[in-house]
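Notes follow the structure.
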Amino acid sequence: MISLSQVSKRYPGGYEALKDISFTIEKGEMVFVTGHSGAGKSTLLNLIVAIEPPSSGSIIINGQNLSQLRPAAVPFLRRNFGLIFQDHKLLFDRSAFDNVMLPLEITGFDRAEAAKRVRAALDKVGLLEREKAMPIALSGGEQQRLCIARAIVHRPSILLADEPTGNLDSAYAGEILEMFKSFNQVGVTVVIVTHDEQLIERFGNRTLHFQHGRLAS
Amino acid sequence: MISLSQVSKRYPGGYEALKDISFTIEKGEMVFVTGHSGAGKSTLLNLIVAIEPPSSGSIIINGQNLSQLRPAAVPFLRRNFGLIFQDHKLLFDRSAFDNVMLPLEITGFDRAEAAKRVRAALDKVGLLEREKAMPIALSGGEQQRLCIARAIVHRPSILLADEPTGNLDSAYAGEILEMFKSFNQVGVTVVIVTHDEQLIERFGNRTLHFQHGRLAS
Amino acid sequence: MSRHWRTLMSTLRRLAGTPIATLITVSVIGIALSLPAGLYLLLSNLAQVSSSLEIQPQISLFLKLDAGRDAQRQIEQKLKSHGAIRTFRFVSREQALKELSASNGLGDLAAGLPNNPLPDAYILTAKGNDAALLDKLRLEVSQWPGVESAELDSAWARRLNALLELGQQLTLMLAVLLAFGLIAGMGNIIRLQILTRQEEIEVSKLVGATNRFIRLPFLYHGALQGLLGGLAAWGIIATSTQLLNISVTRLASLYGSTFRLGGLAMNDVAMLLGISAFLGWLGAYLAVSHFLRHFHLSHH
Amino acid sequence: MSRHWRTLMSTLRRLAGTPIATLITVSVIGIALSLPAGLYLLLSNLAQVSSSLEIQPQISLFLKLDAGRDAQRQIEQKLKSHGAIRTFRFVSREQALKELSASNGLGDLAAGLPNNPLPDAYILTAKGNDAALLDKLRLEVSQWPGVESAELDSAWARRLNALLELGQQLTLMLAVLLAFGLIAGMGNIIRLQILTRQEEIEVSKLVGATNRFIRLPFLYHGALQGLLGGLAAWGIIATSTQLLNISVTRLASLYGSTFRLGGLAMNDVAMLLGISAFLGWLGAYLAVSHFLRHFHLSHH
Ligand SMILES: Nc1ncnc2c1ncn2[C@@H]1O[C@H](COP(=O)(O)OP(=O)(O)OP(=O)(O)O)[C@@H](O)[C@H]1O
Ligand SMILES: Nc1ncnc2c1ncn2[C@@H]1O[C@H](COP(=O)(O)OP(=O)(O)OP(=O)(O)O)[C@@H](O)[C@H]1O
Ligand SMILES: [Mg+2]
Ligand SMILES: [Mg+2]
């Protein structure tokens with residue numbers, strides 16, 4: 001499903017954020033990624049969703065080798081993913097509802113059906129009564145939850161979450177992770193970047209631990 | 001130093017984010033603020049730095065009643081604060097160095113002296129070698145640390161931090177909080193919003209706990 | 001289809017949501033458009049005026065003072081049947097004296113003269129404008145019996161040509177300047193509008209939007225903005241024509257004419273609106289495509 | 001002071017960092033500026049031409065055919081000492097015949113005439129343009145001994161006036177349109193530039209920047225942009241003048257004149273640059289102030 005072999009990433013400045021990374025995440029697996037600040041966790045996710053190209057090595061997603069992908073095919077690759085960003089990346093000029101609608105809009109989804117799905121996603125993260133609110137009127141944690149709703153609304157086959165609970169109290173963090181687990185149980189591949197050791201211990205899934213760009217075993 | 005009496009905040013939509021809040025933080029105190037997502041923690045900080053006006057009640061900072069402050073005096077009030085925002089608020093079109101320089105620039109600080117201070121602040125958060133990097137080239141945790149450097153560079157008398165360690169692993173989080181404590185020991189008033197119960201236990205300072213806009217005792 | 005409809009609606013809402021900014025942008029585009037369109041209108045009005053004037057070089061054919069009725073009738077016959085002559089007009093000696101005194105502000109010259117010194121004359125225009133041909137014609141007719149001399153008023157023709165050339169050059173210069181200014185200005189406005197919506201583009205790309213999808217709202221925005229600018233230009237031109245007509249009719253009446261400036265015809269208006277919408281669309285297309293080519297998700 | 005210097009430098013760097021965008025913006029401003037400035041130049045050239053022409057109404061004073069040398073000398077004496085007459089010019093009957101035939105393309109009329117039918121004449125211009133006054137003067141001189149008649153060529157004057165009025169109206173219309181377009185366009189460009197730097201304003205306010213501080217870089221940006229636009233306008237006008245002069249000198253030579261269009265004088269250029277920099281500054285000031293008044297940190 002997600003397979004990296006001997007992947008390195010050197011940024012234009014010369015800094016090598018990832019060094020010789022190889023691993024495979026099977027379809028339907030749930031994996032944690034940890035590591036200190038600057039270890040290369042977000043870089044890894046950027047490579048997987050083709051935001052950045054690797055400097056060397058090959059990345060295979062759902063059997064497609066990213067380096068052989070035409071630029072025009074990249075959008076369709078991305079529609080397989082549900083992405084939760086470390087910095088939310090919400091649009092501040094449209095309502096919570098419209099933010100969550102975006103991934104359905106770009107695929108030309110039927111409008112009425114889409115609205116139902118958006119409300120279901122907002123309900124899952126506890127923001128149904130805030131659907132008309134603009135993101136600026138949401139608290140930090142609410143914004144993070146909105147970002148989660150947007151990532152799951154189009155029922156992606158792979159969920160990539162970068163610090164999804166960084167701004168959430170432990171009660172909410174637990175709830176959100178339970179939700180991810182339930183997705184995983186219906187076949188979604190889930191990759192969660194976090195520095196919350198407690199959560200990892202509690203769920204006990206496979207963990208990829210990064211240290212200065214290398215995968216520690 | 002910071003004194004609120006019977007403060008309420010109702011947002012334009014009609015939602016009451018803070019209800020009848022009264023407390024005083026003395027000069028040189030260090031206080032934690034906790035509460036669930038949406039409890040009103042960030043709203044509280046916004047009121048203190050005059051980003052939002054309260055709907056009722058009075059706020060007194062360093063002996064100045066905010067409701068009696070002329071608009072032209074607000075910038076000078078803000079220079080007393082060091083602010084760490086939940087969403088960083090870095091400027092992506094200038095280097096890490098220039099981001100940290102900003103608070104000194106607006107006061108017309110001597111250039112050479114300012115550069116020294118900026119480097120000292122960057123060193124404190126472990127980003128001295130990244131001074132020329134643009135924020136986009138920094139990891140989430142590095143951005144958070146850059147925001148901390150910007151908040152302390154002008155040696156404010158009050159430090160207000162909104163989830164300063166949300167994106168940091170526990171080792172870094174501990175370091176940053178030790179740093180805040182050392183500021184506090186030289187007389188700086190420190191207010192830290194966090195949902196990390198472990199940290200609060202470890203430091204054992206006074207804690208203001210919010211629940212649905214009310215101060216729980 | 002429904003996506004197009006929704007995009008159109010949301011673009012309209014976006015324009016209506018910032019009415020002052022929209023008004024300013026639209027009037028800037030309108031002014032920029034109204035200059036070349038107004039120039040075109042003015043030129044087509046001028047062309048109408050000048051086609052009603054004799055702008056062709058003329059040959060003046062002077063008869064001998066003692067040429068009789070017979071000689072004159074023969075000459076007229078020859079003129080009628082001559083293949084190279086387009087029109088001719090007889091000017092009697094009495095008429096010539098009257099025209100002379102009228103056109104020179106010399107008062108009633110005729111009354112003060114003992115006897116009329118001017119000869120009878122024919123004023124000819126030729127088929128074609130070629131200088132060599134005209135000179136050949138002049139020589140030929142000057143040798144007909146009863147003809148004293150034939151003159152080609154080529155000085156006047158050369159002056160008119162030089163003047164027209166100057167006018168054309170000025171027009172061309174203005175048109176080039178304005179066309180460049182218009183395209184650059186529209187592109188610039190849309191470029192800046194894209195910059196203010198950069199995040200929208202970024203997030204859309206992240207969730208899997210194609211370039212087509214991202215481009216659509218900007219194309220609608222550009223085309224709509226252009227169309228509104230075209231409407232503004234129409235309004236500006238219509239108003240200006242009304243205002244100018246006050247002076248023009250006064251001027252025309254001094255020449256005993258009822259001429260007045262014509263407005264834009266309906267198909268001209270359709271063309272103006274079409275061109276302005278297209279220019280807006282094109283500016284948007286160029287600006288978005290340039291942006292998308294140079295925009296990378298990782299480094300802004 | 002050092003803050004101003006640094007702001008200037010960073011503004012220059014910002015402009016140089018996006019060379020194509022800067023070039024486009026500057027040329028748009030330059031084109032917009034060059035139109036009124038070019039119009040001004042054209043008008044001042046026209047004024048120079050027309051002041052070298054007799055645009056004042058003239059009175060033609062025809063002497064009796066039998067008026068002797070004495071009568072003529074007396075009339076000349078009276079003209080010299082008359083308080084209401086600005087200039088006068090003697091046209092002998094021979095000269096008049098020559099001018100007539102030349103100006104009408106009638107060939108050497110004089111040679112073909114048995115004897116000259118035209119009288120001697122004086123051409124007068126009066127002090128002042130008032131129609132009633134002119135008519136009074138005409139009546140007075142027509143009654144002097146030796147004078148056959150005096151004619152006022154008022155038709156020509158009225159036509160010229162109507163034409164000039166039309167030109168002025170057109171000019172005014174253009175100037176108003178362009179001035180509005182220029183200010184709105186500059187304000188619009190700066191408004192959009194502010195929107196792209198909204199975060200910078202927000203963060204600056206959060207760390208305690210005053211409005212003065214926030215405004216400064218935008219003012220420099222606007223003024224610098226305006227100045228560059230002014231330089232572009234200067235270039236456009238200089239080039240156009242060069243190009244137009246090719247036709248103009250040809251036209252002038254047909255009239256036996258060595259006239260050519262003058263360029264902008266140094267103080268005109270200084271004025272142009274000053275005005276353009278000021279307009280840029282003003283547009284920036286208005287746009288930033290409007291933005292700051294309506295910008296709240298809490299709701300974007
Ligand atoms: N565009 C870039 N150009 C240069 N260096 C970069 C760029 N992006 C990231 N880096 C550097 O690469 C390293 C890894 O970054 P990354 O964002 O992957 O860290 P991370 O593991 O996600 O850390 P965090 O937990 O703080 O988010 C960091 O040192 C960062 O400064
Ligand atoms: N501008 C606004 N308009 C309307 N409602 C708002 C606005 N800002 C915040 N709120 C609401 O007020 C409540 C308190 O928000 P606040 O940002 O203070 O929460 P918080 O305690 O900081 O939460 P978190 O830990 O998630 O950051 C939330 O329910 C939020 O949706
Ligand atoms: Mg990261
Ligand atoms: Mg908050």
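In what follows, chains are A, B, ... by sequence order, proteins preceding strands, each numbered from 1. No hydrogens, no waters, no symmetry mates; every other heavy atom, side chains included, goes into these values.
- Checking A:His209, A:His195, A:His212 one by one against A:His36, the ring-ring contact (aromatic ring centres under 6.0 Å, His included) holds for a single residue, A:His212.
- Interface remark: A:Phe85 contributes side-chain atoms only to the contact with chain C (heavy atom separation under 4.5 Å).
- Remark: A:Arg117 is not positioned above the aromatic ring of A:Phe109, lacking an NZ or CZ atom under 6.0 angstrom from the ring centre and at most 45 degrees off the axis.
- Contact of the A:Met30 side chain with the A:Ile192 side chain is registered, since non-hydrogen atoms from C-beta on lie closer than 4.5 Å.
- Contact of A:Leu90 with chain C is made through the backbone alone, with heavy-atom distances under 4.5 Å.
- Counting heavy atoms from C-beta outward, A:Leu138 and A:His88 have side chains that stay 4.5 Å or more apart.
- Heavy atoms closer than 4.5 Å to chain A are found in both the backbone and the side chain of C:Leu206.
- For A:Asp93, the part lying near chain C is the side chain, with the backbone staying farther off; criterion is any non-hydrogen pair under 4.5 Å.
- Ring centroids of A:Tyr11 and A:Tyr15 are separated by 6.0 Å or more, keeping the two rings apart.
- Counting heavy-atom pairs closer than 4.5 Å to chain A, the top-ranked of the candidates C:Arg197, C:Arg212, C:Lys205 is C:Lys205.
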